[in-house]
Amino acid sequence: MKNITYLFLLLNCMACNNSHKEVRQPNILWISHEDLGPIYGAYGDDYANTPILDQLAEKSIRFTQVFSNAPICAPARSTLITGIYASSLGTQHLRSDIPVPEQMKILPEVMREAGYYTSNNVKTDYNFSFEGRWDESSKEAHWRNRPDGKPFFSVFNFMITHEGPTNALRPSDTSGLKNFHDPKKAILPPHLPDSPKMREIWAHMYDLLSVFDQQVGELLGQLEEDGLLEETIVFVFSDHGHGLPGHKRWLDNAGLQVPFLLHVPEKYKNLVGNIAAPESDRLVSFVDFAPTTLALAGVSVPEIMEGVNFLAEEERKYVFGYRDRADDVYEVSRSVFDGRHLYIRHFMPHLPYYQNALIFNKGGSYAEINRLREVGDLPEATRKMFTPKPVEILYDLKTDPLEQHNLANDPKFKNKIAELADKLDGWMIENRDTGLLSEGLMMQQASVNNASVYEVSRAYPEADFKVILNVAKMVGKIKDVSQVMPYLESEIDAVRFWGLVGIDAYEGEIDAIFSQLHGMLSDEAPAVAIKAAEILIKREENKLAYKVLGEMLLLADEVQVLQAAISVRQLGAKANPLIPLIKEEVFPKYSGDIWGRYRSWSYPMFIGMALDQAQINCGLDIPVKK
């Protein structure tokens, strides 16, 4: 590593060397890392050991109100690289293959057209193909590979802080450190049990951050070697919250808030002239990164981008978040934040965050929570993860930064809830939130119409989309099934689907609609038929419903198969009649070498995970990776 003291002395004296130089387009470097909230020392975390990041922060703008739009990597990265909400594109579900508009150009494509060399090292995970969109995207990608004289836009993503290394506790991951964090000094959040094992994991997470700190120093050292420090604007940020329960995959502030340092050399300070202080509390979210990068490069922002230049005079008033399918765990949740109050709406409140799924039955922090749960030694805040979610949540992050007190039922906040709920509704309708269509429906309609999911959702009249939203908002609030009956006859597939979700969440008798449910087993939309079958099996173990689910598991369309596999997992032990079919015909189609079980990292993996858990639920011993 280069002498870091010298490196930052050089940063300090940049201004004295610029007066005689011609100002050209800046190089732009994104340094991102995985799965950590704002816990650098520069953010006031005394437990952290991040000297390089802290020195960089002294000469940078430290943003304190920056948010991923999703609490998991693929939708977060899709949003970052496109400047479009993943929920608009249909890319909000983890590891999917979404048809996007042919005319859509992502950030590196627009930068390349403006004369930049674009390189990505190495993660993509955009939920659509990245082929042909970068000059170079590989483990060897580097600004040093560019033609002479070209400015560059380069991305480096560091995996060391990912939930995998955090939970694995491998000594080899931190072998380059001299000092380690003391687990006894760790301060755990209320939703994590305070056990020796959890403290060890928490301390290791900070050790991994120290490793990343060193990696940042190495990359900045390479800029210095190339004489590019005063020519390069540097972004440093994480992709979402910590890789631990209650953070990653959770649509709370703990899952969404990230650190972000923006280093702007003296010669380019005019580009951030609206921000006078070294610290900014402007509201920023990932959808804004692409438009802002283009603005810094002096490049026009494509109309399709939904983000804004966060360096412009007018500041954001709200940021929005989304949580949908992560692995084989299906959710639809949305959030809006105004700088103080975070409002969350769960459209599937009957499903706990911590579902009975393989992703929550693996090692590390998850294994520790499961162990403590078995012996009845979980704190109340952790136990809540296993229970149904409130339909609405309101947190005051100024008085309750750890998000322990839901104010949604407090009459004093009635107006604030109405304001934020209205903003969320308007945003979902304006951007035609594809989460309201469900993954199975949006992909079926895209296939039938030979169109992108973005185009499919925007083909809906506003009035129809409002109906879909209103039916989805009924879930968890239905007092009598008669409220839902008209929607089960709707011509709009998504209305029928959300009517069924409402019934699934309803705990009362549903005898009055059994005949409708039986008829829906032959619905032309697989997602609707699958949901109807799931409900009928849960309520009466209907033989025809088993037959329908079995047929859906054998479809060629992997997206629909995944929906069916998730429903089968949700059946618990009632899935037993489907086990012979799963073992003999379905699972072999999706088996392979990934984790020693699955065919690929996308739909086949999640189909396999759901089917593995279904078999475990029925008493089978499955050799899955822990």
Side-chain angles (χ1 to χ4, degrees), residues 1-33 50-62 80-81 107-108 110-122 134-158 212-237 260-273 278 289-290 292-299 311:
M1 187 189 303
K2 281 286 177 181
N3 186 301
I4 298 303
T5 302
Y6 171 75
L7 175 62
F8 284 97
L9 284 173
L10 186 60
L11 285 170
N12 280 334
C13 70
M14 279 182 186
C16 64
N17 294 322
N18 290 331
S19 58
H20 66 284
K21 292 186 177 180
E22 179 183 351
V23 177
R24 45 163 271 175
Q25 281 180 300
N27 302 310
I28 300 176
L29 171 63
W30 282 12
I31 305 173
S32 75
H33 63 98
T50 52
I52 295 166
L53 289 165
D54 298 346
Q55 289 180 75
L56 180 64
E58 291 177 4
K59 304 302 174 186
S60 304
I61 304 169
R62 178 170 57 87
L80 272 170
I81 210 66
L107 177 58
V110 182
M111 294 288 279
R112 186 166 57 185
E113 289 182 353
Y116 276 76
Y117 178 81
T118 62
S119 67
N120 178 58
N121 189 329
V122 60
W134 294 89
D135 285 312
E136 184 181 14
S137 181
S138 71
K139 292 181 180 179
E140 289 73 41
H142 202 289
W143 70 75
R144 288 175 168 173
N145 300 333
R146 74 194 190 283
D148 289 342
K150 272 210 168 195
F152 64 80
F153 168 60
S154 289
V155 176
F156 286 81
N157 178 74
F158 292 95
F212 169 69
D213 186 72
Q214 293 179 345
Q215 292 171 331
V216 171
E218 291 170 2
L219 205 54
L220 294 177
Q222 291 173 15
L223 278 179
E224 186 240 318
E225 286 176 2
D226 296 350
L228 295 173
L229 273 173
E230 60 184 291
E231 308 288 337
T232 305
I233 295 173
V234 180
F235 290 55
V236 181
F237 57 95
F260 172 43
L261 305 178
L262 178 64
H263 179 73
V264 182
E266 191 68 30
K267 68 192 299 182
Y268 299 116
K269 286 291 175 65
N270 64 299
L271 299 177
V272 295
F289 274 45
T292 304
T293 297
L294 292 172
L296 288 170
V299 180
L311 300 172

Does any non-hydrogen side-chain atom of I81 lie less than 4.5 Å from one of P108?
-> yes
Closest non-hydrogen atoms of V299 and A114, given as atom of the first, atom of the second and distance, are CG2-CB, 3.5 Å
Ring pair (Phe, Tyr, Trp, His ring centres under 6.0 Å) filter on F235, not counting sequence neighbours, yields W30, F260, F289
Flag the pair H263 / K59 as yes when at least one side-chain heavy-atom distance between them is below 4.5 Å, and no otherwise.
-> yes
The reported gap from CD in E218 to CZ in F156 (rounded to nearest 0.5 angstrom) is 11.5 Å
Return all side-chain donor-acceptor pairs below 3.5 angstrom for residues 146-153, not counting sequence neighbours, or 'none' if the list is empty.
| from | atom 1 | to | atom 2 | distance (Å) |
| --- | --- | --- | --- | --- |
| R146 | NE | K150 | O | 2.8 |
| R146 | NH1 | W143 | O | 3.0 |

The side chain to side chain contact (heavy atoms under 4.5 Å, CB included) partners of E58 (sequence neighbours excluded) come to none
- For Q222 and H142, test the side chains for any donor-to-acceptor distance below 3.5 angstrom and give the result as yes or no. yes
Separation between CG (L29) and OG1 (T293), nearest 0.5 Å, reads 11.0 Å
Practice task
Taking the side chain as every heavy atom from C-beta outward, state whether S60 and L262 have any pair of such atoms under 4.5 Å apart.
Solution key: no
Output for pair (L219 CG, E224 CD), nearest 0.5 Å, gives 12.5 Å
Separation between CG (L223) and OG1 (T232), nearest 0.5 Å, reads 5.0 Å
Closest heavy-atom pair, I28 versus M111, reported as atoms and distance to 0.1 Å, is CD1-CE, 4.1 Å
Between the OH atom in Y268 and the CD atom in E230, the distance rounded to the nearest 0.5 Å is 9.0 Å
- Item | Validation row: L271, I233 side chains within 4.5 angstrom (heavy atoms) | yes
Across all chains, not counting sequence neighbours, the side chain to side chain contact (heavy atoms under 4.5 Å, CB included) partners of S32 are R77, N157, F237
By side chain to side chain donor-acceptor pair (under 3.5 Å), N121 pairs with (sequence neighbours left out) none
Sorted by chain and number, sequence neighbours left out, side chain to side chain contact (heavy atoms under 4.5 Å, CB included) with D135 holds for R112, Y117, T118
### Message
If we ignore hydrogens and angles and just use 3.5 Å, is the side chain of Q25 paired with the main-chain N or O of A297 as donor and acceptor?
### Response
yes
Heavy-atom closest pair (V264 atom, K269 atom, distance to 0.1 Å) is O-CE, 2.8 Å
Would you say the side-chain atoms of D213 and T50 include a donor-acceptor pair closer than 3.5 Å? no
dist S154:OG -> Y116:OH (nearest 0.5 Å) comes out at 11.0 Å
